[in-house]
Amino acid sequence: MGKGTVEADPYPFDFEVETTALIMIDFQRDFVYPGGFGESLGNDTSPLLAALKPAERVLTACRDAGMFVVHTREGHRPDLSDLPRAKYERGNPSIHIGDEGPMGRLLVRGSYGHDIVEELYPIEGEPVVDKPGKGAFYATDLDTILRMKGIERLVACGVTTEVCVNTTVREANDRGYDALVLSDCVASYFPEFQRVALEMIKAQGGIFGWVSDSGRFLAGLAAATGAQPAAAGTGG
Ligand code: TIU
């Protein structure tokens with residue numbers, strides 16, 4: 001019990017519930033909804049909404065299976081003392097990090113927009129890692145948290161695919177973790193980047209990790225735990 005396999009590319013992903021963590025990357029209002037940091041960079045935020053339902057199904061199933069869940073948020077201290085000048089200035093944004101927007105101060109910890117969307121909100125026992133950069137291992141205690149739990153493999157959901165998800169998977173790879181990215185639980189503002197970012201992960205025999213989807217993951221998880229598979233692709 002507890003051991004399973006997920007059909008994935010470039011080949012099946014073997015895992016154990018006890019040594020695998022679900023990582024929910026930056027499902028923050030600031031990226032997913034209009035009026036936040038994502039839109040300030042000139043993006044249409046609507047493509048990101050597609051990942052929310054599949055990610056919610058995966059989150060629920062992982063909680064039911066007793067898998068360790070960790071969430072991340074990109075953002076900065078209210079005094080912006082951890083905000084690099086380069087990040088503040090880059091892109092000539094319509095409003096800057098730290099400025100007041102319709103969801104509060106952009107990408108600042110404690111503001112409404114910086115927090116995680118309601119349907120994916122962390123519950124007790126699920127650490128939230130606040131990170132100043134794109135990668136979740138940079139300048140955080142994520143690696144320590146995972147090692148204290150004996151975690152060896154990650155299942156990744158989040159936004160955006162080619163930015164914070166990709167950076168975090170690459171960082172995880174260099175630290176010796178195996179990572180599985182669920183294609184319908186990650187999203188990009190750019191359809192082309194969504195496709196290519198996933199290709200990059202699984203190319204060359206899985207150079208950074210594996211790619212599957214929520215349906216195949218839920219089937220593998222159900223087989224590992226002896227549960228009925230959660231229906232993928234249906235409402236709620
Ligand atoms: N801009 C963009 O695509 N993403 C980010 O700035 N951060 C994350 O991906 N979380």
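Computed over heavy atoms, backbone and side chain alike; hydrogens, waters and symmetry mates excluded. Note that this is a predicted model, so its numbers are computed, not measured. Sequential numbering from 1 along the given sequence is applied to the chain's residues.
The backbone N or O of Arg195 sits nowhere less than 3.5 Å from a side-chain atom of Glu199 that would complete a donor-acceptor pair. At distances below 3.5 Å, not a single donor-acceptor pair connects side-chain atoms of Arg216 with backbone N or O atoms of Val6. With hydrogens and angles ignored, the 3.5 Å screen pairs a side-chain donor or acceptor of Gln194 with a backbone N or O of Val186. Listed for the Arg29 side chain is no donor-acceptor partner under 3.5 Å among the backbone atoms of Gly36. One N or O on the side chain of Gln28 and one on the backbone of Glu74 form a donor-acceptor pair closer than 3.5 Å.
Results of the side-chain contact (heavy atoms from CB on, under 4.5 Å) test with Val70 over Leu22, Ile25, Val129 single out Val129 as the only residue that passes. Checking Pro54, Cys185, Cys62 one by one against Phe217, the side-chain contact (heavy atoms from CB on, under 4.5 Å) holds for a single residue, Cys62.
Within 6.0 Å of the CZ atom in Arg90, the count of heavy atoms belonging to other residues, nucleotides or ligands does not exceed 12.
For the pair Asp115 and Arg73, the salt-bridge criterion is met [side-chain N within less than 4.0 Å of a carboxylate O]. Classification of Asp184 and Arg57 as a salt-bridged pair fails, no side-chain N sitting under 4.0 Å from a carboxylate O. With respect to Lys131 and Glu171, no salt bridge is recorded, no charged nitrogen being found less than 4.0 Å from a carboxylate O.
Between Phe190 and Phe193, the ring-plane angle classifies as tilted under the 30° and 60° cut-offs. Using cut-offs of 30° and 60° on the angle between ring planes, the pair Phe37 and Phe31 is perpendicular.
Using a 4.5 Å cut-off between side-chain heavy atoms of Ile, Leu, Val, Met, Phe, Trp and Tyr, with links allowed through other members, Val163 and Leu107 fall into different hydrophobic clusters. Leu120 and Val128 fall into different hydrophobic clusters, where Ile, Leu, Val, Met, Phe, Trp and Tyr residues are linked whenever their side-chain heavy atoms come under 4.5 Å apart, directly or through other members.
Across every non-hydrogen atom of Leu48 and Ala187, the tightest pair is CA-CB, 3.8 Å.
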